[in-house]
Structure formats: C-alpha cells, structure tokens
Amino acid sequence: MIVGNGGIAMELIHEIKSCQVVWAIKDTHIGNAFFDQEPSSFLYNHYYKNGEDNNNNEDEDDKKIDNEIDNNLKIYDSNNLDIYDKSKVSRNSSIGPQWYNKYKFIGNVDASKINQKNENITIEYGTTIKSIDSDDGCEWNIMVELENGKSYGCDFVVSATGVLTNAMEIDFTPQMPDATIQNGYTVNGETMQTTIPNIFSAGDVCNIQWNHQTNNNNNNQYHQNWFQMKLWSQARIMGRYVAQCIAKKSVEKEIDDIDIISTSFEFEFRTDYSSSQYVRIYLYKGRLRGAILIGETDLEETFENLILNQIDLSRYGQELLNPNIDIEDYFD
Ligand SMILES: NC(=O)C1=CN([C@@H]2O[C@H](COP(=O)(O)OP(=O)(O)OC[C@H]3O[C@@H](n4cnc5c(N)ncnc54)[C@H](O)[C@@H]3O)[C@@H](O)[C@H]2O)C=CC1
C-alpha cells in the first residue's frame, strides 16, 4: 500500500516490480503535483497499467551520485511506535537524489495471476487511510481501511505524504519590498536574504516566485522560465545561486553580474501510442517555454536548448512535433 501522490510515491510506483500495489491518492489523477489530467492518463495507461517494465535505462551518472550519499533512509516497523511521538523524532536531512537505486523493489508475487484485471497497480482515487490494523490475528500483516470504505490487506505501508521544512520556529518579520513571504517570514528573491540579517534561504524552505517578481532589475528577463517544484534539481540551482549571493555580499559588490538562473501561452502536443511517447510543448510568442516529455523521446536536450536560446520557432508550427522529422539534427 502506497499513500501519497508526490515525488516519492511516483518514484516508488515506477520502481516496484512483481508486486501487487494499492495506491491511495487524495486527488483525481496521478502526479498532480507535476502535471495535469492528460499526461497523467497517458502515463498510467502506457507505463503502469499492465505492469510494463520501463526501468531498463538507468542513468550511470545517477548511480554515481547515489554511491556518494549516505544511507539516510529509515525503515520503521510497526513495533517502533515512537515514530508517532513528535518529541522523539530526530530531524534528518532528506534521503537524497536517486535514493531508490540502493534498493531492489522486486516482489515475489506474480501479480498478474492474482489481480483479475491483470493490473499490478490498483489506484484508489480521492481517498486516504482511515485506520491501520496490525493485530496478530489478521490474515495479513497489516489491514488498511480507507476513507472510501474499502479495506485492503497488505504486507507493507509506505506513507509518502510530504515533509515539513524545519524553519517554523524562527520568527521572521516581513520588511523587504519585492519579497516572497513563506511560512510567516520573508525572503528577498534577488538577494535570497531573509529578514534576519545574514540569514539566507534556499531550497524547499522558501518558495521563490522568480517568474512573478515585479522588480526593476535588468536580470528579470532571466526569471521568466522559473517554475518552482520541490525537486533536487531545483534545490541544487537555488543552492548555487544563494552561494553566489552570499559571496557577493561578503565582498560588498552589486549583484548585477550574478549568473542568474536562465530558463499568453500557446501549447501543442503529440502522442505516439505505438512507441509510448508523449510530448507536449509550451510556446510563448513562438518561443519554447516548457515541455512535458514521457517515454524515451530523446528530445530533452534539444528542447532544453530551445528554451535557453529562445529561437523563434513560429515558422515550424506543427512540424516541430512531427515524429518523422529529426529536430535534434535540425537544431544541432
Ligand atoms: N527527484 C526529486 O527531486 C524528488 C524530490 N522529492 C521531494 O521530497 C519531498 C518529500 O516527498 P513526498 O513525501 O513525496 O512529498 P510531496 O510533497 O511530493 O507529496 C505529498 C503527497 O501526499 C499527499 N498527501 C498529503 N497528506 C495526505 C494524506 N493525509 N493522505 C493521503 N495523501 C496525502 C499530497 O496530496 C501529495 O500528493 C517533497 O518535497 C518532494 O518534492 C521527492 C521525490 C523525488
């Protein structure tokens, strides 16, 4: 049983093989933190519904990162009830990128023979856990009752229902103009300084809306492609940026030359059911602003470059998504 519909739940669902999984989500579609209903349905139908093994493309770099980080993952069993006592919970760093590479999430069940619909994943939408019973007399290790009235027996429950940042006890007072208010304190999006002198902020703890900032700084043009999602990739970018802000402040220079993050819409999409690819691009005034890519499209680098260099693509129109045209070669 997996509860939650965020980054960890999505990654786990992708990694688990040969195991029947019940996935309880509060929302109406999977992955709602990252995309809307349409790519969500595509992802489910083409990658998860029939238990297709889509995990043959592990990135060597990802593995390398994984080997460098400590194992922060904590697995609790039902006897360790201290985890529910907040005063006894030790505060930890997150488990790190590609944490799942350390584990083999392979069950020993031929789920297709158990589930009559031949689906390894049963999704319960619009619900959450009501109660968990792990009495000795149970047929299963754990019996889970959902808010929608259904009950499932299972061996293991993964609760991936989000994390809280550890900044709540600091009382910041909003003071600065053009600032982002988060959790009652304020961060200046240009300098990343909080309203406490010499305290800077980055990562999940602050919610910087760079693309909405109304400042007069010339660098504002670089902010337009920022769309914050609480992912490792973005935490790294913010960490790098805040480090530069701190360095600049320490030598008391203007921050104009800091290497700021470069990144009415039209959008177009293509689905290619035969090869399980989904591509959606967002164009603004003929320039590429963003894309959703599902499957092995091999388009990520090309599209990233088109977002960064802002070439006017109006003349290509629909052809940009024509699967018979190798746009990677074209824009090389
Ligand atoms: N590749 C990456 O950079 C990754 C980053 N992360 C980050 O690590 C952090 C922790 O990940 P997650 O735990 O997945 O958090 P999350 O914030 O991504 O998702 C939490 C999910 O739990 C749901 N939820 C909340 N309360 C619930 C309840 N009572 N019952 C059922 N569902 C409930 C929410 O609707 C949401 O879908 C997040 O900030 C996440 O973005 C996670 C995985 C990968």
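All heavy atoms count here, side chains included; hydrogens, waters and symmetry mates do not. When a ligand or atom number is given, it counts from 1 through the structure's own listing order.
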Legend entry - Side chains of L43 and H29 in contact at under 4.5 Å (non-hydrogen atoms): no

Inset, instruction - Under 4.0 Å from a heavy atom of L231: give me the atoms of ligand 1 that qualify, with their elements. - result: 2 (C), 3 (O), 4 (C), 5 (C)

Inset, instruction - Could you check whether the rings of F42 and H46 sit parallel, tilted or perpendicular, using 30° and 60° as the cut-offs? - result: parallel

Inset, instruction - Answer yes or no: is there a donor N or O on one side and an acceptor on the other, between the side chain of E15 and the main chain of Y100, under 3.5 Å? - result: no

Inset, instruction - Please identify which atoms of ligand 1 are closer than 4.0 Å to at least one heavy atom of T128. - result: 28 (C), 29 (N), 30 (N), 31 (C)

Inset, instruction - List every atom of ligand 1 that sits less than 4.0 Å from any heavy atom of E11, numbering the atoms from 1 in the order shown and giving each element. - result: 1 (N), 43 (C), 44 (C)

Legend entry - Sub-4.5 Å side-chain heavy-atom contact between I281 and F303: yes

Inset, instruction - Please state whether A33 comes within less than 4.0 angstrom of ligand 1, counting heavy atoms only. - result: no

Inset, instruction - Answer side chain, backbone, both or neither: which part of V3 comes under 4.0 Å from ligand 1, heavy atoms only. - result: side chain

Inset, instruction - Using distance alone, determine whether W232 and ligand 1 share an N or O pair under 3.5 Å. - result: yes

Side-chain donor-acceptor pairs of residues 143-150 under 3.5 Å, sequence neighbours excluded:
{"from": "E145", "atom 1": "OE1", "to": "S131", "atom 2": "OG", "distance (Å)": "3.1"}
{"from": "N148", "atom 1": "OD1", "to": "K150", "atom 2": "N", "distance (Å)": "3.0"}
{"from": "N148", "atom 1": "ND2", "to": "E124", "atom 2": "OE1", "distance (Å)": "3.0"}
{"from": "K150", "atom 1": "NZ", "to": "E124", "atom 2": "OE1", "distance (Å)": "3.3"}
{"from": "K150", "atom 1": "NZ", "to": "E124", "atom 2": "OE2", "distance (Å)": "3.1"}

Legend entry - Within-4.5 Å side-chain heavy-atom neighbours: I2 and W23: yes

Legend entry - ligand 1 contact on K230 by region, counting heavy-atom pairs under 4.0 Å: both

Legend entry - Heavy-atom side-chain proximity of S134 to N141 below 4.5 angstrom: no

Legend entry - Check: N5 N/O within less than 3.5 Å of ligand 1 N/O: yes

Inset, instruction - Please determine if A24 has a nitrogen or oxygen closer than 3.5 Å to a nitrogen or oxygen of ligand 1. - result: no

Legend entry - Under 4.0 Å to a heavy atom of G6 - the qualifying atoms of ligand 1, by number: 14 (O), 16 (P), 18 (O), 19 (O), 21 (C), 37 (O)

